[in-house]
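The structure appears below as structure tokens.
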Protein chains: 2
Amino acid sequence: MASTTRSKPRPARDSEATRQALLDAGAALFAEHGFDGVSVDEIARRARVNKAMISYHFGGKEGLYGAILAAAAVPAAERLRELAAADIPPVEALTRYVETFVELTEKNPHFPPMILRELMGGGRLFDEAFFPHVLAIFGSIRMIIARGIALKVFRPVDPLVTHLSVVGSLLFFLVTEGVRERMEKKGILPAPRPLPKDFVAHLKDVTIRGLLAEPPRN
Amino acid sequence: MASTTRSKPRPARDSEATRQALLDAGAALFAEHGFDGVSVDEIARRARVNKAMISYHFGGKEGLYGAILAAAAVPAAERLRELAAADIPPVEALTRYVETFVELTEKNPHFPPMILRELMGGGRLFDEAFFPHVLAIFGSIRMIIARGIALKVFRPVDPLVTHLSVVGSLLFFLVTEGVRERMEKKGILPAPRPLPKDFVAHLKDVTIRGLLAEPPRN
DNA sequence: GTCTATAGGCTGATAGAC
DNA sequence: GTCTATCAGCCTATAGAC
């Protein structure tokens, strides 16, 4: 795994670096413009790599796209699934879910736009190995909410609807950071640009208040 | 406005119908696949119209796209702006905002995906006549929230962050109806598919609880 | 207003040299 | 593993007949 040690005769110079450059360039471009909005020439240029390498390493444009999606979805699904399975009080679990989600997207800011595009579009990769991971990511928070209701910590809301509203507002916030940044530069943002941590704090505050069976003392 | 009366000599057979067919077909396809994911051939085929008509009536693919976006954004912005300007108690205004938003998208289900794609993407049409309307749509709810805070009906939350979370979850719900429909058909949806009215009810319930200065009696 | 035919550019993929 | 050269296919736009 630690790549070529530079002493053996045959193996190549830098195969892993090429792969990674393509994954990085592709993620940024696909997130911003969608699968159809990006050409393999652009990706190769940005990665400073020959475009034939996309076919060589990933079997083509679709293969690269799928690899990028999986590289982000698999670890995210794993961490969030663990969190949902752990025996943590519902309020804390919900909080940690949101924090973990944001933390994951700080490592990989291109994941939210890509997954949202997949949810909107016909669903290019929705049958393959990818779909179960999406289910895990969304299912985890749904389970946390359902558990909170079962324990009577939360009011008897609909878990499916509730998890959509929490994850939805979170995803929306994350995918629109770019617009706000651009608006701020133009000076047309009506208030200081909120940081992810501000949004997380708000979401925790308001949704917990909205869900709790026993309203907090003000 | 009532189109050709079929008696005069020169005017053409059905120009308005052609325009409308292109607007309808384009809206459906752009919403599902994005600007780059759709070819003018597909649009023309779906509209049962010759593709040269796109250039003739709208000056090209981009022109059609802009016309579709404006046709939905302009009336929406107008109605929501009125609502924000009216002197209505904050809780009711917030409720009506969400209801109006959903009602507007029932007339035009392709608007939420299109606007979300615009917000994510580099922003193809973001400088033109279109941008002010987006500002009005989002600004209206921000104003309602700010008013609620000023009147001490709502807790002193950040209006910018708060309106993002409300509109965000709403938009997310609307643009993911397609996936849930497909999942339901496959039998992999973990609960009965929530209708827009269920979601609206939930959003009203939970956000109002989360925002109110005086928590409601349970 | 509508349609056919076509131009000209760009797309993704690959064969074959190194 | 990498790169160059090249291909066939699709794309949008338009000139010109009706």
Contacting residues from residues 42-52 of chain B, given that a heavy atom lies under 4.0 angstrom of DNA chain C
Asn50(B), Ala52(B)
Atom-to-atom span, [atom1] of [X] to [atom2] of [N] - whole angstrom:
{"X": "Glu16(B)", "N": "dT2(C)", "atom1": "CD", "atom2": "P", "value": "11 Å"}
{"X": "Phe35(B)", "N": "dT12(D)", "atom1": "CZ", "atom2": "P", "value": "8 Å"}
{"X": "Asp36(A)", "N": "dG12(C)", "atom1": "CG", "atom2": "C1'", "value": "12 Å"}
{"X": "Lys61(A)", "N": "dC10(C)", "atom1": "NZ", "atom2": "C1'", "value": "12 Å"}
{"X": "Asp41(A)", "N": "dT14(C)", "atom1": "CG", "atom2": "P", "value": "15 Å"}
{"X": "Tyr56(A)", "N": "dT14(C)", "atom1": "OH", "atom2": "C1'", "value": "14 Å"}
{"X": "His57(A)", "N": "dA13(C)", "atom1": "NE2", "atom2": "C1'", "value": "16 Å"}
{"X": "Met53(B)", "N": "dC18(D)", "atom1": "CE", "atom2": "C1'", "value": "12 Å"}

State whether Ser55(A) places a side-chain N or O below 4.0 Å from either non-bridging phosphate oxygen (OP1 or OP2) of dG12(C).
no
Below 4.0 Å: OP1/OP2 of dT2(D) and any side-chain N or O of Thr18(A):
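Indeed, a polar side-chain atom of Thr18(A) lies that close.
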What orientation do Tyr65(B) and Phe35(B) show, parallel under 30°, tilted 30 to 60°, or perpendicular over 60°?
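Plane angle over 60°, so perpendicular.
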Please verify the inter-ring angle class for Phe199(B) with Phe173(B); under 30° counts as parallel, over 60° as perpendicular, anything in between as tilted.
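Ring orientation of Phe199(B) relative to Phe173(B): parallel.
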Residue of the set Arg46(A), Lys51(A), Lys61(A) for which salt bridge (charged side-chain N to carboxylate O under 4.0 Å, His left out) holds with Asp41(A)
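Going through Arg46(A), Lys51(A), Lys61(A) one by one, the salt bridge (charged side-chain N to carboxylate O under 4.0 Å, His left out) with Asp41(A) is satisfied by Lys51(A) alone.
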Taking only Lys NZ, Arg NE, NH1 and NH2, and the carboxylate oxygens of Asp or Glu, determine whether Arg96(A) and Glu92(A) approach each other closer than 4.0 Å.
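Between Glu92(A) and Arg96(A) there is a salt bridge, with a charged N closer than 4.0 Å to a carboxylate O.
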Where the side chain of His133(B) meets the backbone of Phe130(B), is there a donor-acceptor pair that is under 3.5 Å apart?
no
Whether Arg182(A) side chain and Glu177(A) backbone form a donor-acceptor pair below 3.5 Å:
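Pair absent, no side-chain N/O of Arg182(A) close to backbone of Glu177(A).
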Could you check Arg19(A) against Gly59(B) and say which one's nearest nucleotide on DNA chain D is further toward the 5' end?
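Counting from the 5' end, the first nearest nucleotide belongs to Arg19(A).
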Can a side-chain donor-acceptor contact be found between Arg180(A) and Thr176(A) if the only test is distance below 3.5 angstrom?
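A donor-acceptor contact under 3.5 Å links the two side chains.
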